[in-house]
Undergrad: 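The structure under discussion is supplied below as structure tokens; questions concerning it will follow.
Side-chain atoms are counted along with the backbone in the values below, which use heavy atoms only and exclude waters and symmetry mates. Sequence lines set the chain letters: A, B, ... in the order given, protein chains first and strands last, and positions in each chain run from 1.
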2 protein chains.
Amino acid sequence: MVETREQALDAVFHALADPTRRSILRMLAERPHGLSELAPAFPISAVAVSKHVRTLEAAGLVARQVQGRSHLCRLEPMALLTAHRWLQAYERFWSQRLDALEGLLEEMKRDADPA
Amino acid sequence: MVETREQALDAVFHALADPTRRSILRMLAERPHGLSELAPAFPISAVAVSKHVRTLEAAGLVARQVQGRSHLCRLEPMALLTAHRWLQAYERFWSQRLDALEGLLEEMKRDADPA
DNA sequence: CATTCAAATAACCGAATGGTTTTTTGTCAA
DNA sequence: TTGACAAAAAACCATTCGGTTATTTGAATG
């Protein structure tokens, strides 16, 4: 479904950009859930929840195991690695900022409490 | 603009879910760029690029410094931390998987090359 | 002052998004 | 075999999205 790495990032970030879908992932992180077990947890129709799950599936974040007439969904965590690695490339920028903040705090402490 | 933590995640993940916007961030990671310097790097109109920058700004990923008639954009990396921390909560799931994979590889090596 | 240049604003367009209700399609059980 | 149940599929709707062109605003420059 997803071809290139850029398309994978598109799909994963888009899937994560919705609070209902993030909630679904949180539930699946705890344990696998059937679709009909997932749906009542949200104030929207079961069809809408099913659509969200399909979006998560398309991004590779969720896998579905069909058992008769119930569909068991489980977290597929490796897809999160795509997003994580992209973010890691920027890690040095925010750690730089955090270091600068820490430095400032040290300075303030020294000024407020001169030995 | 962004009120709650959930809204912040919505805005950041949505901003990252577009290849043009990710490219803009990559350029700004290298160094700050004027808007008019940013625009020609993309096969779309300057207005479209300006809109993308506004989306990034709304997510807190980019800050703009107006200097006369040119607008200087720079990366605001702390907003990425929001996304990074959300992903970190799932880190144990994929590292579990990676460990399992590593274990399998070890096993295959042992089987293929019995001492 | 008139011009030029950077950017925003406005108006518009087609496609995608998030939601709905209704209608199939299967599968389990009485 | 006749329901009942789980889920998908279809049709629909309003809003948002990513893009366009044309117009306006505002600062630098001749």
Undergrad: A:Ala29: which residues meet the side-chain contact (heavy atoms from CB on, under 4.5 Å) condition with it, sequence neighbours left out?
TA: A:Leu75, B:Tyr90, B:Phe93
Undergrad: Sequence neighbours excluded, which residues qualify as side chain to side chain donor-acceptor pair (under 3.5 Å) partners of A:His52?
TA: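 Partners of A:His52 by the side chain to side chain donor-acceptor pair (under 3.5 Å) criterion, ordered by chain and then number, come out as A:Arg21.
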Undergrad: Please list, chain by chain and in numerical order, all residues satisfying side chain to side chain donor-acceptor pair (under 3.5 Å) with A:Asp10, sequence neighbours excluded.
TA: B:Arg22
Undergrad: Reading DNA chain C from 5' to 3', where do the contacts with chain B start and stop? Cut-off is 4.0 Å to heavy atoms.
TA: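 From 5' to 3', the first and last contacting nucleotides are C:dT4 to C:dA11.
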Undergrad: For A:Ser36, what residues pass the side-chain contact (heavy atoms from CB on, under 4.5 Å) criterion, not counting sequence neighbours?
TA: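 Residues passing side-chain contact (heavy atoms from CB on, under 4.5 Å) with A:Ser36: none at all.
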Undergrad: If a pair satisfies salt bridge (charged side-chain N to carboxylate O under 4.0 Å, His left out) and one of its residues is in residues 34-54 of chain A, list it, with sequence neighbours excluded.
TA: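 Sorted pair list: A:Arg31-A:Glu37.
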Undergrad: Which residues satisfy the side-chain contact (heavy atoms from CB on, under 4.5 Å) test with B:Ala46, sequence neighbours excluded?
TA: B:Ala39
Undergrad: Holding to ring-ring contact (aromatic ring centres under 6.0 Å, His included), I want the full list of residues that pass it with B:Trp94, two or more places apart in sequence or in another chain.
TA: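 A:His84.
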Undergrad: Check DNA chain D against residues 15-29 of chain A and give the residues with a non-hydrogen atom under 4.0 Å, in numerical order.
TA: none
Undergrad: For B:Ile44 and D:dT21, what is the distance between atoms CD1 and P respectively, to the nearest whole Å?
TA: 12 Å
Undergrad: Can you name the residues that form a side-chain contact (heavy atoms from CB on, under 4.5 Å) with A:Ser50, not counting sequence neighbours?
TA: A:Leu35
Undergrad: D:dG18 P sits how many Å from A:Asp10 CG, rounded?
TA: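 These atoms are roughly 10 Å apart.
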Undergrad: Judged by each residue's nearest nucleotide on DNA chain C, which is more toward the 5′ side, A:Gly68 or A:Thr55?
TA: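 That would be A:Thr55.
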Undergrad: CD of B:Gln67 versus P of D:dA28: gap in Å, rounded?
TA: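 Checked: the CD to P distance equals 10 Å.
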Undergrad: Hey, could you give me each pair passing side chain to side chain donor-acceptor pair (under 3.5 Å) that has a residue in residues 55-79 of chain B? Not counting sequence neighbours.
TA: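 Those involving residues 55-79 of chain B are A:Arg97-B:Glu76, B:Glu57-B:Arg64, B:Arg64-B:His71.
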Undergrad: Could you state the interatomic distance from CD1 (B:Ile24) to CG (B:Leu56), rounded to the nearest 0.5 Å?
TA: 5.5 Å
Undergrad: Polar pairs (N or O, both sides) under 3.5 Å between protein and nucleotides 6-16 of chain D?
TA:
residue	atom	partner	partner atom	Å
D:dA6	O4'	A:Arg69	O	3.3
D:dA6	O3'	A:Arg69	O	2.8
D:dA7	OP1	A:His71	N	2.7
D:dA7	OP2	A:Ser36	N	2.6
D:dA7	OP2	A:Ser36	OG	3.0
D:dA7	O3'	A:His71	ND1	3.2
D:dA8	OP1	A:Arg64	NH1	2.4
D:dA8	OP2	A:Ser50	OG	2.6

